[in-house]
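Chain letters run A, B, ... following the sequence lines, proteins first and then strands; every chain starts at 1.
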Amino acid sequence: MAEFERHEYDVLIIGAGGAGLRAAIEARASGLRTAIICKSLFGKAHTVMAEGGIAASMGNVNSKDNWMVHFRDTMRGGKFQNNWRMAELHAKESPDRVWELETYGALFDRTPEGKISQRNFGGHEYPRLAHVGDRTGLELIRTMQQKIVSLQQEDFAETGDYESKIKVFAELTITEILKTDGKVSGALGYWRESGEFVVFEAPAVVLATGGIGKSFKVTSNSWEGTGDGHALALKAGGNLMHMEFIQFHPTGMVWPLSVKGILVTESVRGDGGVLRNSEGRRFMFDYIPPVFVKQYADTEAEADGWYTDPENNRRPPELLPRDEVARAINTEVKAGRGSPHGGVFLDVSTRLSPEVIKARLPSMWHQFKELADVDITKQAMEVGPTCHYVMGGVQVDPDTGAATGVPGLFAAGEVAGGMHGSNRLGGNSLSDLLVFGRRAGMGASEYVAGLGSKPALAQSDIDSAIATAVAPFNGASKENAYAVHYELQQMMNDLVGIIRVGAEMTQAIEKLDAMKARAKNVSVTGDRLFNPGWHIALDLMNMLVVSEAIAKSALEREESRGGHTRDDFPTMDPKWRAIHVITSWDGSKVSTKRESLPPMPNELASLFDIEELKKYLLPEELAQLAVGGN
Amino acid sequence: MGYLASMRIWRGNSADGQLEEHKVEVGDGEVVLDVIHRLQATQTPDLAVRWNCKAGKCGSCSVEINGKPRLMCMTRMNTFAEDETVTVTPLRAFPVIKDLVTDVSFNYQKAREIPAFKGPENLKPGEYRMAQVDVQRSQEFRKCIECFLCQDTCHVIRDHEENKPQFAGPRFFIRIAELDMHPLDQLNRTKAAQEEHGLGMCNITKCCTDVCPEHIKITDNAIIPMKERVVDKKYDPLVWLGNTISRRKSD
């Protein structure tokens with residue numbers, strides 16, 4: 001029998017980004033002993049990379065803003081594929097979640113009246129993003145981290161032990177969720193540092209593991225974005241939904257190669273940056289889709305006027321939702337109108353003074369200066385699409401975050417699906433983390449309170465989970481995990497990337513089968529002490545499962561919508577709006593099915609103009625709505 | 001691809017270790033972290049290294065490069081000559097776990113010893129009002145990415161393990177300063193900075209400011225103003241002398 005440490009908690013939170021930490025605060029508030037699992041050091045989670053801001057309709061800059069406008073923008077951005085209940089909760093609760101951060105010590109940029117300042121962003125009708133320069137994610141993660149520490153200080157004052165109620169397990173990776181009699185009973189993990197195994201006994205597990213970008217070659221995600229939570233949920237019997245919807249952020253760095261994919265914040269465009277092709281044309285005017293013609297300017301003069309007079313001018317098309325801009329850049333580059341390194345030009349130097357650029361976009365200035373030798377106060381940046389965010393994720397109950405089909409499993413943040421539909425608006429991610437992190441913490445607390453006795457862990461399950469985790473040390477072949485990972489990323493970029501075709505995806509699914517077989521035989525050298533070769537071998541299994549879910553979901557959906565664009569089905573089809581592609585795991589492969597959601601209630605549908613609804617809904621869906629034809 | 005670089009990497013664990021030389025390919029525009037990753041993928045799969053965002057935002061990949069505390073992701077290879085050997089070693093102020101990874105738990109302990117932000121009790125969430133010019137001072141310190149390079153370079157603890165219990169280090173002096181300058185924080189923090197966190201042990205050599213990848217003026221904007229406030233409350237001959245001398249110099 002293998003040796004391991006054993007810990008008992010009421011709730012285990014996997015992931016220490018914004019969603020995980022917010023869930024932990026809520027779970028502790030309900031009196032639960034809470035463990036937080038962090039794959040990196042505490043405070044390094046990918047949330048730190050968020051730049052632009054947190055969307056919340058506080059109305060500090062334009063008092064016309066309110067939750068209904070935010071809800072409408074979110075549904076439009078997601079092309080109505082969103083779980084409307086999640087979009088509703090998110091729009092209603094995000095202002096409270098932002099104000100709460102100030103009581104934890106966050107210091108946002110201010111308006112002249114001393115309120116939290118709000119900035120413009122793609123797809124948001126009014127200035128809505130609370131921000132700190134272009135380092136809002138850092139502020140969020142540090143604030144949450146410091147709030148957790150402050151709670152530990154309170155616990156220390158009361159019990160003499162900082163970790164009596166919340167303990168952070170840093171640099172620990174979970175490999176398997178354990179279940180007993182169909183319910184969650186705990187999880188197995190290993191310390192990255194020592195390679196020693198750790199068994200957690202916990203009746204509730206909250207997944208807050210973030211994204212999947214590492215399945216793609218060009219990505220803004222760090223090494224942590226290997227889809228661990230997506231894979232853990234699938235293997236525990238949960239469902240994923242919307243996995244075909246991947247957001248390719250329009251502006252990643254394209255040069256130098258070593259930083260290809262690193263994010264260039266949307267605030268550059270929100271603050272006045274324009275996109276031009278190699279001919280000097282502001283090409284976004286050529287790409288305004290019919291559903292958005294009412295909201296976007298069709299001349300440069302009107303677009304330029306919007307920055308100072310938004311009441312009388314429509315928005316510049318650079319601020320269309322991310323999927324639209326990413327596709328436009330892709331088309332320009334393919335048509336031979338790209339920049340020298342295969343992107344397009346993003347220029348903020350023509351509109352803003354060097355002082356203003358350095359004040360509003362300090363980390364962009366720093367990033368380009370230090371990594372690319374480009375001074376953005378004088379020169380244009382070269383940018384192109386980068387895999388940034390997965391809209392798809394664990395199918396959950398909107399109000400509690402409870403994963404469908406697995407009692408005791410919860411999910412929040414990027415790993416959960418539904419909230420953003422087919423495309424997420426910038427700024428809606430940080431608010432998502434806070435709103436649904438809190439709700440998952442509450443959901444887990446209620447679940448634990450209602451549980452008679454905690455399910456006991458079975459020794460045989462622990463043993464078999466450990467055997468799976470050490471398997472790469474006994475790999476049958478000389479296969480190198482790094483090499484398989486490299487091939488996977490290239491393949492996903494080429495065959496299931498920003499523009500997709502049925503035949504290529506079928507090919508991708510075949511290749512994934514072959515890669516899965518090779519990954520099983522990966523062999524690792526060295527021992528378990530901080531061994532990255534072993535870590536990547538285990539992460540690779542997750543990336544393969546997630547990639548399979550993406551490829552199969554994308555093949556299933558025969559239309560183009562948001563973060564899913566098919567060359568063979570180039571238009572949006574209202575028939576598909578009502579259909580949600582769900583994936584599950586049958587022990588050896590991913591399978592797909594189609595589900596529908598309950599229709600949007602009248603009070604939400606009536607927030608839209610009937611003419612707009614006609615673009616998205618089927619006639620029979622419209623007939624069921626008592627929308628007053630306004 | 002560009003050229004073959006000579007990299008000298010420290011390999012070992014808490015007991016012992018040594019520098020190992022490797023020849024690694026370097027491509028255009030690459031940083032030290034790219035080269036370390038190529039080494040991992042092609043020659044030393046079990047080389048331990050901590051990293052995360054690869055964009056200078058998370059502060060994970062802190063090491064010493066040719067003896068200087070740096071982030072690997074922000075150190076471009078073209079800052080070295082092609083025939084120059086680049087030496088990468090773990091942070092010296094913290095115990096080695098393996099290869100380039102050190103045990104930085106000291107910093108997390110210190111973080112716990114500083115009382116958290118305490119907001120005004122008469123204001124509800126949403127009622128906070130602060131002027132931009134007032135939050136700006138604290139915002140400078142909140143740019144900190146917790147790379148701990150300042151802690152690593154600080155000579156009070158770099159080679160003086162015995163000072164660690166009573167010295168929080170520059171990273172936490174800016175944390176205290178940030179809270180102290182927060183327009184709505186209710187606690188008085190300067191006395192504790194001096195008496196519990198070792199502010200007086202700092203003799204303002206500015207090494208921390210020099211290595212900060214976020215260019216935070218740790219010494220000038222956080223440590224010196226706090227020392228001055230301590231002096232306001234409590235006579236401190238060292239600081240008084242330091243101030244007098246430095247004033248005379250600049251005159």
Side-chain angles (χ1 to χ4, degrees), chain A residues 40-44 46 48-49 58 95-96 99-100 102-105 107-110 113-115 117 132-133 135 138-139 142 146-147 149-150 152-153 156 162 193 222-224 255-259 262-263 363 366-367 370-372 480 482-483 486 524-527 529-534, chain B residues 13 27-31 33-34 40-42 45-60 74 76 97-99 101 103-104 108 111-112 114-117 119 123-132 134-135 138-139 142-146 175 178-179 182 184-185 214-215:
Chain A
S40 305
L41 290 173
F42 189 32
K44 306 297 185 194
H46 203 58
V48 80
M49 296 292 286
M58 297 179 285
D96 285 337
W99 285 321
E100 188 172 73
E102 287 202 300
T103 69
Y104 299 170
L107 282 172
F108 292 103
D109 289 344
R110 318 305 297 181
E113 310 82 70
K115 296 179 180 175
S117 174
V132 186
R135 57 160 191 86
L138 173 65
E139 185 68 13
R142 200 65 80 232
Q146 287 164 349
K147 177 63 180 175
V149 169
S150 83
Q152 290 179 322
Q153 289 170 343
F156 179 77
Y162 284 109
E193 189 177 307
S222 79
W223 67 269
E224 292 191 291
W255 183 257
L257 271 187
S258 76
V259 291
I262 289 182
L263 193 64
S363 70
H366 191 225
Q367 182 174 314
E370 302 217 359
L371 294 173
N480 174 335
Y482 293 98
Y486 183 82
V524 172
T525 57
D527 57 21
L529 184 73
F530 216 116
N531 187 340
W534 178 43
Chain B
N13 53 35
D28 257 3
E30 288 193 335
V31 293
L33 186 57
D34 291 309
Q40 255 184 350
T42 57
D46 59 344
L47 170 63
V49 47
R50 210 180 248 138
W51 69 288
N52 212 318
C53 76
K54 207 174 173 290
K57 293 194 169 69
C58 77
S60 300
M74 296 303 276
R76 298 182 69 181
I97 294 169
K98 187 186 167 199
D99 305 336
V101 175
D103 175 359
V104 292
Y108 290 93
R112 279 180 179 167
I114 295 164
F117 169 71
L123 291 182
K124 291 198 281 293
E127 292 179 348
Y128 284 30
R129 295 291 178 272
M130 295 176 265
Q132 182 63 33
D134 294 329
V135 299
S138 295
Q139 280 182 332
R142 290 184 73 82
K143 287 196 305 190
C144 170
I145 57 173
E146 298 206 324
R175 169 67 172 149
E178 166 218 320
L179 291 164
H182 190 301
L184 293 176
D185 182 60
E214 286 294 312
H215 309 296

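A:Tyr482 places a side-chain N or O within donor-acceptor distance of the main-chain N or O of B:Pro45, the cut-off being under 3.5 Å. Under the 3.5 Å distance criterion, the side-chain polar atoms of A:Trp223 are matched with a main-chain donor or acceptor of B:Trp51. A donor-acceptor pair is defined here as one N or O able to donate and one able to accept, closer than 3.5 Å; such a pair exists between the side chain of B:Gln132 and the backbone of A:Arg110. With hydrogens and angles disregarded, a donor-acceptor distance shorter than 3.5 Å links the side chain of B:Tyr108 to the backbone of A:Phe42.
Contact of B:Arg76 with chain A is made through the side chain alone, with heavy-atom distances under 4.5 Å. In this structure, chain A has a heavy atom under 4.5 Å from the side chain of B:Asp34, while its backbone stays farther away. Interface remark: B:Ala111 contributes backbone atoms only to the contact with chain A (heavy atom separation under 4.5 Å). The part of B:Ala131 that comes within reach of chain A is its backbone (N, CA, C, O), which places non-hydrogen atoms under 4.5 angstrom from that chain. Contacts of A:Phe530 with chain B are made by both backbone and side-chain atoms, with heavy-atom separations under 4.5 Å. For A:Ile262, the part lying under 4.5 angstrom from a heavy atom of chain B is the side chain only. For B:Lys98, the part sitting under 4.5 Å from any heavy atom of chain A is the side chain, from C-beta outward, and nothing else. The contact between A:Phe108 and chain B is made entirely by backbone atoms, counting heavy-atom distances below 4.5 Å. Neither the backbone nor the side chain of A:Asp96 comes within less than 4.5 Å of any heavy atom of chain B. In this structure, the portion of A:Trp255 lying under 4.5 Å from any heavy atom of chain B is its side chain and not its backbone. Only the side chain of A:Gln153 comes within less than 4.5 Å of a heavy atom in chain B; its backbone stays farther off. Heavy-atom distances place both the backbone and the side chain of A:Glu139 under 4.5 Å from chain B. Only the backbone of B:Ile114 has a heavy atom closer than 4.5 Å to any heavy atom of chain A. Interface remark: A:Ala483 contributes no atoms to any contact with chain B (heavy atom separation under 4.5 Å). Of the two parts of B:Val49, only the backbone, made up of N, CA, C and O, holds a non-hydrogen atom closer than 4.5 Å to a non-hydrogen atom of chain A. Only the side chain of A:Leu138 comes within contact range of chain B, with heavy atoms under 4.5 Å apart. Residue B:Leu179: no heavy atom, backbone or side chain, is found under 4.5 Å from chain A. Using a 4.5 Å cut-off between heavy atoms, B:Lys124 does not touch chain A at all. Looking at A:Tyr486, neither its backbone nor its side chain comes within 4.5 Å of chain B, counting heavy atoms on both sides.
Put simply, CD1 on B:Ile97 and CD on A:Glu193 are 3.5 Å apart, with the number rounded to the nearest 0.5 Å. A distance of 8.0 Å separates SG in B:Cys58 from CE in A:Met49, rounded to the nearest 0.5 Å. Note that CZ of B:Phe117 and CG of A:Leu107 are 7.5 Å apart. Values are rounded to the nearest 0.5 Å. Distance check, rounded to the nearest 0.5 Å: CD1 of B:Ile145 to OG of A:Ser363 gives 10.5 Å. A:Arg142 CZ to B:Glu146 CD: the interatomic distance, rounded to the nearest 0.5 Å, is 4.0 Å. Remark: B:Leu184 CG to A:Thr103 OG1 distance equals 11.5 Å, nearest 0.5 Å.
Your options are B:Glu214, B:Met74, B:Arg50, and the one with the most heavy-atom pairs under 4.5 Å with chain A is B:Arg50. Of all the listed residues (B:Ala41, B:Gly119, B:Ala55), the one sharing the greatest number of non-hydrogen pairs under 4.5 Å with chain A is B:Ala41. Counting heavy-atom pairs closer than 4.5 Å to chain B, the top residue among A:Pro532, A:Gly43, A:Gly533 is A:Pro532. Ranking A:Leu529, A:Leu263, A:Val259 against chain B, the residue ahead of the rest is A:Leu529, based on heavy-atom pairs under 4.5 Å. Ranked by heavy-atom pairs shorter than 4.5 Å toward chain B, the options A:Gln146, A:Gln152, A:Glu224 are led by A:Gln146. The residue among A:Asn531, A:Thr525, A:Leu371, A:Val149 with the most heavy atom pairs within less than 4.5 Å of chain B is A:Leu371.
The side-chain heavy atoms of B:Met130 and A:Lys115, taken from C-beta on, include no pair separated by under 4.5 Å. B:Asp28 is not listed as a side-chain neighbour of A:Pro256, based on a closest heavy-atom distance of 4.5 Å or more.
Taking the six-membered ring where tryptophan is involved, the planes of A:His366 and B:His215 are perpendicular, since the angle between them exceeds 60° and thus also 30°.
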Inset, instruction - Please lay out, stage by stage, how B:Gln139 and A:Arg135 fare under the test side chain to side chain donor-acceptor pair (under 3.5 Å). - result: CA-CA 11 Å; B:Gln139 280 182 332; A:Arg135 57 160 191 86; 5.6 Å; no

Legend entry - Stepwise side-chain contact (heavy atoms from CB on, under 4.5 Å) test for A:Gln367 and B:Lys57: CA-CA 9 Å; A:Gln367 182 174 314; B:Lys57 293 194 169 69; 2.6 Å; yes

Legend entry - Residue pair B:Lys54, A:Ser258: steps toward the side-chain contact (heavy atoms from CB on, under 4.5 Å) verdict: CA-CA 9 Å; B:Lys54 207 174 173 290; A:Ser258 76; 4.1 Å; yes

